[in-house]
Protein chains: 2
Amino acid sequence: MQKTDQTPEADGTAARGRGRPRAFDREAALAQATRLFWIKGFGATSIADLTQAMGIGAPSLYAAFGSKEALYAEALRHYRENNEALVWAGFFSAATAREAVMAFLMDSAAALTGCLADIPRGCMVALSSVGGEGHAELGELVQAARAVTLDRLKIRLNQAISEGEIPASTDVHALARFVQTVQNGMSILARDEASRSELEAVAQVAMLGWDARTAQRTISGT
Amino acid sequence: MQKTDQTPEADGTAARGRGRPRAFDREAALAQATRLFWIKGFGATSIADLTQAMGIGAPSLYAAFGSKEALYAEALRHYRENNEALVWAGFFSAATAREAVMAFLMDSAAALTGCLADIPRGCMVALSSVGGEGHAELGELVQAARAVTLDRLKIRLNQAISEGEIPASTDVHALARFVQTVQNGMSILARDEASRSELEAVAQVAMLGWDARTAQRTISGT
DNA sequence: GCCTTTCTATAATGATCGATATAGAAATAG
DNA sequence: CTATTTCTATATCGATCATTATAGAAAGGC
């Protein structure tokens, strides 16, 4: 049960001194892999696709990342570390919950259409269907990643209630689900070449739903 | 250029008299294939998966449907013919645009969570990523299917304007995009096991956005 | 009854899948 | 320098992919 992992560096951490050093930049290779998984998905991306885009041979890929599934898991982490700020920075720096949600949706409109950086359209996490492809473990990983959005929204909404920004009677779960739904839907539209301004207009309409839902005379929820 | 298709019945139409008749129900087999494509997607569904679920051999599949891609195209048609009404019947029978959109979103909440029939969760069209998997032709097919939703919403909104239900100044495109976004987002939530009542609550919030956007004193768009 | 036609089942096609065995090349430790 | 360690490149593994050749089974037309 307490078998120690015998493989030299399956975890990816570079050994310090001995032996021939790796000839490629691990992070750069991971970035290319991430981009490919992002665009094509897990199942449609082959090892041959990956080695070509990463500029390395298959044995190097397996030595550095372990397996295709482990590489995807690392790509997910790389995706979050490098792209999360595009969508969440404004949310976390906003003074009010309304401004936070507004920023979240407007920044999503820009990021998901590839306007904030040279990145593929749509969200890698939202559009991933790796769970339905038979890879249950990776499926749970992306599902957990999707759940983070809902958690953050609910935390911010509860904070807004405790600060008196919105009524205590607000249905936090429903409102957070609504914002999550809109952002997820944006990914599908972005993949179909919807423009940034179109998604921004969607965000504006969504905020009208927010305003009506957070007005003092709230219609009691569901 | 005017090569006639030589294959006996690649189009699927049953020849009338001669020869041994087909031993399986073509529509029932197609229904099983549709279900499989719906759940797993095009790429992750193998011919072996299909023949097992359809209860036929591979040669029978190819004789009846031509190819895996042609089968998927037929599955898309079968999907629409058999599931469209779940989401659109109320929309088309509603007296006002508001009731139509409300019915569309509420019926979507029920259908996408598998509450209206014994069907998989989420929309086969919205969640399909066959385009990004390298099958451009099928990708255009599902993209066109997604565009139908937007078209219908815009047509109904324009009708509502001409009937005086909503102001002529309404940004029809933005409002239709908003509704489309919400419904698409619902599919992603439904796949992650969101409940019918959660999606119905989302629909309720979305309708508040509708009301604010269609109020006579409309804030001029974007 | 026989003959033609079309279906079905078995098995195999070449291609590609993810993953590795092997061996040579390149670096550090001593 | 030599020895050791770890990388990379070529080639290949069995499995599975979509597809089909082959042959036998079942129906209608005569």
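Naming convention: chains lettered A, B, ... in sequence-line order (proteins, then strands); numbering from 1 in each chain. Quantities reported herein were computed from a predicted structural model and do not represent experimental measurements.
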Separation of dT20(C) C1' from Phe65(A) CZ (nearest whole Å): 18 Å
Side-chain N or O of Ser60(B) closer than 4.0 Å to phosphate OP1/OP2 of dT8(C): yes
Quick check on DNA chain C: between Ala58(B) and Phe24(B), whose nearest nucleotide comes earlier from the 5' end? Phe24(B)
Check this one for me: any side-chain N or O of Tyr62(B) less than 4.0 Å away from OP1 or OP2 of dT19(D)? yes
Would the distance check show the side chain of Lys68(A) and the main-chain N or O of Ser46(A) forming a donor-acceptor pair, the cut-off being under 3.5 Å? no
Correct closest heavy-atom pair for Arg26(B) and Ala64(B) would be NH2-O, 2.8 Å
Indicate yes or no: at least one non-hydrogen side-chain atom of Trp38(B) is less than 4.5 angstrom from one of Ile119(B). yes
What integer distance in Å separates His135(B):NE2 from dC17(D):C1'? 11 Å
Atom-to-atom span, CZ of Arg22(A) to P of dA9(D) - whole angstrom: 13 Å
Output the rounded distance in Å from OH (Tyr72(A)) to C1' (dA19(C)). 20 Å
Ala94(B) and Arg156(B): which non-hydrogen atoms are nearest, and at how many Å? O-NH2, 4.1 Å
What's Thr45(A) touching, base or sugar-phosphate or nothing? Going by heavy atoms closer than 4.0 Å. sugar-phosphate
Ser128(A) side chain reached by Tyr79(A) side chain, heavy atoms, under 4.5 Å: no
Find which nucleotide of DNA chain D each of Leu61(A) and Ile47(B) is nearest to by heavy atoms, and output the residue with the more 5' nucleotide. Leu61(A)
Kindly point out which of dA18(D), dT20(D), dC7(D) is positioned nearest to the side chain of Pro59(B)? dT20(D)
What is the distance, rounded to the nearest whole Å, between atom CD of Glu133(A) and atom P of dG18(C)? 12 Å
I need the CG-P distance between Asp25(B) and dC7(C), as an integer number of Å. 15 Å
To the nearest angstrom, how far is Asp49(B) atom CG from dT16(D) atom P? 12 Å
Integer-rounded Å distance: dT16(D) C1' and Lys68(A) NZ: 13 Å
